[in-house]
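Note sheet for the following structure.
In this text, all values refer to a predicted model and were calculated from it rather than measured experimentally.
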Amino acid sequence: MKANLIKRNFKKEINGWWIISLIGAVVILLPILFVFSSIFQEPTENWLHIRQYLLKNYVSNTIILVVLTAIFTSFLGVTLAWLIAAYDFPLKRFFRWGLILPLSIPTFIAAYTYRTMLGFTGVVQSTLRNHFNYHINAEWLTISGIRGAVFIFTLFLFPYVYIITRAFLESQSTSYIENARLLGRKPLAVFFKVVLPLSRPAIVGGTILVIYEVLGDYGVTSFFGIHTISTAIFQTWFGMYDVNSAMRLAAWLMVIIIGMFFLERFLRQRRRYHLSNKSRTLVPMKLTGIAGTAAFMYCGIIFLLGFLIPFIQLIAWAKMTFHKVWDASFFTLIYQTVYVGVIATFLILVLAVVVANVCRSHSTFSFILSKFVTAGYSIPGPIIAIGVLAMFITFDNWLAPVYSFMGMGDSPLILSLSLIMLIVGYFIRFMATGFNATEVGFEKVGTKYMEASRMLGLGVTKTFFKVDLPLIKGSLISGFILTFVEICKELPLALLLRPFNFETLATKTFQYANDEQIHEASISSLLIIVISILSVIIFQTVGKRVK
């Protein structure tokens, strides 16, 4: 009877929370619908030209880039996760978290850093010529084209696969691995016959995240001159000033993403992976001698290439150009980045809290709602940007009579030229980051405190502020930090949706690099990286306190 009373009161009082949740879901889904609607519009001459002469090249380059990056990041992430989870060797504890740090360096920053370092006048070839009198073929070290992009993506995106796979191996595969060892299987046989099949869901999950990043990239591909669908969207938008054709390209990119999703589901078919939640932590085996040295060298080389070397190079360039670049405008740049990031993150967490609280009912509709709300993270930034722009232009057209009545002209673009458009883009793109952190907080708390509060007569809203909010505070802080950092690093959305004369650290860095002012771009790059590193430290500290 108590459960029925709580359920009845919950349904009666949750209406306001449901309304807010539905409004948020509509805001997130509308830009996607605008993108797909472009398929049914009359094609322009630009689109006919693109379809006949350019589209095949765009699609083929995109597929090649995705496939190669997926293969290499999976290999790197899985092998490193297996070493860290299953073995003990020198500096293993350091590498356990150090191998996450490449994620703190945005791929477009890594691209221009490595290309300049390894160029003919870069530090590597200059040192070989001037100090060792050794002249190397410049083409051997050239980082450009698809080869260079795959190198950068692999080196700086593999932590997605590494983190998820390592967590899975350490907590969910212990009994299977130990049984294989007891039966006399050698390490390679255990890896190929036990670890890889069991880890498939984790590997696929991490690789899918990598693919999303590659599909939505603009900084690396444009810097290396690779014609992908993402770069084509920018070129069509800014070069041809044809939003309709850009929307059609975005729709094609969405088709590829949806196709990949269904392909993965088809390949999985009816396979299921049921592992015990009570599995023990995997006890690592001690590696000594050559094996221990090899494991240390492997992890050490990846850490050096993926974080330490580019980070030190950026520091050296920053010291060279600090007096030239650093001025009062940089404080404005930092302020604008923090300002828009905080507003977008706050809005994301507000909706995340509302939706996560509604989804505690575990109904079919709440499950669908949660999927809709978090759909933006699987959609590349250029697609979201195109959809948001089309949506706001439509809103401006609808509001044209109001603008005219207020004396603003016949058909001015008010919303489409405002900061609101960029904030909405961030809101859609990174809603999943805030929601996932909030949902984890609610799952840890459970429902017993909420039920007790409801039985004492408090409504849903009062129960949340007096009972739930203090209990999930740590998860909200973690979600805020993670979301804020992702926003600070985001480039395509900021480039496409920012108002005139509005710059963030990411856009300023890209402008410097695009103008071949690589050294001058180092300070803004370092600020982004430092924010990311500090966020990791704070996140780990908060996580320990929550536990």
Between the main-chain N or O of [Y] and the side-chain N or O of [X], is there a donor-acceptor pair closer than 3.5 Å?
X: Glu490; Y: Leu493; value: yes
X: Ser60; Y: Asn57; value: yes
X: Tyr426; Y: Ile348; value: no
X: Ser230; Y: Leu215; value: yes
X: Arg166; Y: Arg96; value: yes
X: Lys92; Y: Ile84; value: yes
X: Thr69; Y: Val66; value: no
X: Thr62; Y: Ile229; value: yes

Please report the shortest heavy-atom distance between [X] and [Y], naming the atom on each side.
X: Gly434; Y: Thr483; answer: N-OG1, 3.5 Å
X: Lys508; Y: Glu503; answer: N-OE1, 4.0 Å
X: Asp396; Y: Leu415; answer: OD1-N, 3.1 Å
X: Ala385; Y: Leu496; answer: CB-CD1, 3.4 Å
X: Ile152; Y: Thr107; answer: CG2-O, 3.6 Å
X: Phe156; Y: Pro310; answer: CZ-CG, 4.1 Å

Rounded to the nearest 0.5 Å, what separation is found between the [atom1] atom of [X] and the [atom2] atom of [Y]?
X: Phe392; Y: Leu497; atom1: CZ; atom2: CG; result: 9.0 Å
X: Met391; Y: Ile384; atom1: CE; atom2: CD1; result: 11.0 Å
X: Ile383; Y: Arg429; atom1: CD1; atom2: CZ; result: 10.0 Å
X: Arg115; Y: Ile143; atom1: CZ; atom2: CD1; result: 9.5 Å
X: Leu54; Y: Gln235; atom1: CG; atom2: CD; result: 9.0 Å
X: Ile163; Y: Leu80; atom1: CD1; atom2: CG; result: 11.5 Å

Side chain to side chain contact (heavy atoms under 4.5 Å, CB included) between Phe435 and Leu351, intermediate numbers included: CA-CA 8 Å; Phe435 176 80; Leu351 183 62; over 6 Å; no
Would you say the side chain of [Y] lies within less than 4.5 Å of the side chain of [X], judging by non-hydrogen atoms?
X: Val388; Y: Phe34; value: no
X: Gln313; Y: Tyr114; value: no
X: Phe311; Y: Leu101; value: no
X: Thr154; Y: Phe75; value: no
X: Tyr112; Y: Gln517; value: no
X: Leu419; Y: Tyr339; value: yes
X: Ile379; Y: Tyr212; value: no
X: Phe72; Y: Leu155; value: no

Going through the checks in order, is the side chain to side chain contact (heavy atoms under 4.5 Å, CB included) test met by Ile523 and Phe330? CA-CA 10 Å; Ile523 295 179; Phe330 247 91; 3.9 Å; yes
Could you tell me whether the side chains of Thr228 and Asn61 share a donor-acceptor contact shorter than 3.5 Å?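 Asn61 and Thr228 do not have a side-chain donor-acceptor pair below 3.5 Å.
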Indicate whether any N or O donor in one side chain lies under 3.5 Å from an N or O acceptor in the other, for Thr79 and Tyr298. yes
Side chain to side chain contact (heavy atoms under 4.5 Å, CB included) with Ser522: which of Thr113, Ile109, Thr116, Leu314? Leu314
Given Ile528, which of Val485, Ile533, Thr509 fulfils the side chain to side chain contact (heavy atoms under 4.5 Å, CB included) condition?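 For Ile528, the side chain to side chain contact (heavy atoms under 4.5 Å, CB included) test succeeds with only one of Val485, Ile533, Thr509, which is Thr509.
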Test: ring-ring contact (aromatic ring centres under 6.0 Å, His included). Region: residues 508-534. Which pairs qualify, not counting sequence neighbours?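 For residues 508-534: Tyr218-Phe510, Trp317-His519.
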Exceeds 12 heavy-atom contacts within 6.0 angstrom, atom [atom1] of [X]:
X: Met297; atom1: CE; value: no
X: Phe502; atom1: CZ; value: yes
X: Phe395; atom1: CZ; value: yes

I want to know whether Phe346 and Phe480 have ring centres closer than 6.0 Å. no
Check: Phe303 ring centroid to Phe94 ring centroid under 6.0 Å: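 Yes - the distance between ring centres of Phe303 and Phe94 falls below the 6.0 Å cut-off.
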Ala149: which residues meet the side chain to side chain contact (heavy atoms under 4.5 Å, CB included) condition with it, sequence neighbours left out?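 So Ala149 forms a side chain to side chain contact (heavy atoms under 4.5 Å, CB included) with Leu65, Phe153, Val220, Phe224, Ile226.
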Set of residues satisfying side chain to side chain contact (heavy atoms under 4.5 Å, CB included) with respect to Thr337, sequence neighbours excluded: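 Once residues adjacent in sequence are excluded, the partners of Thr337 under the side chain to side chain contact (heavy atoms under 4.5 Å, CB included) criterion are Cys488, Thr504, Leu505.
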Begin from the C-alpha positions of Ser74 and Thr207 and carry the test side-chain hydrogen bond (donor to acceptor under 3.5 Å, both in side chains) through to its verdict. CA-CA 6 Å; Ser74 298; Thr207 305; 2.9 Å; yes
Verify side chain to side chain contact (heavy atoms under 4.5 Å, CB included) between Ser104 and Phe307, making sure each step is shown before the conclusion. CA-CA 8 Å; Ser104 66; Phe307 177 75; 3.6 Å; yes
Stepwise side chain to side chain contact (heavy atoms under 4.5 Å, CB included) test for Phe95 and Ile302: CA-CA 10 Å; Phe95 289 129; Ile302 300 301; over 6 Å; no
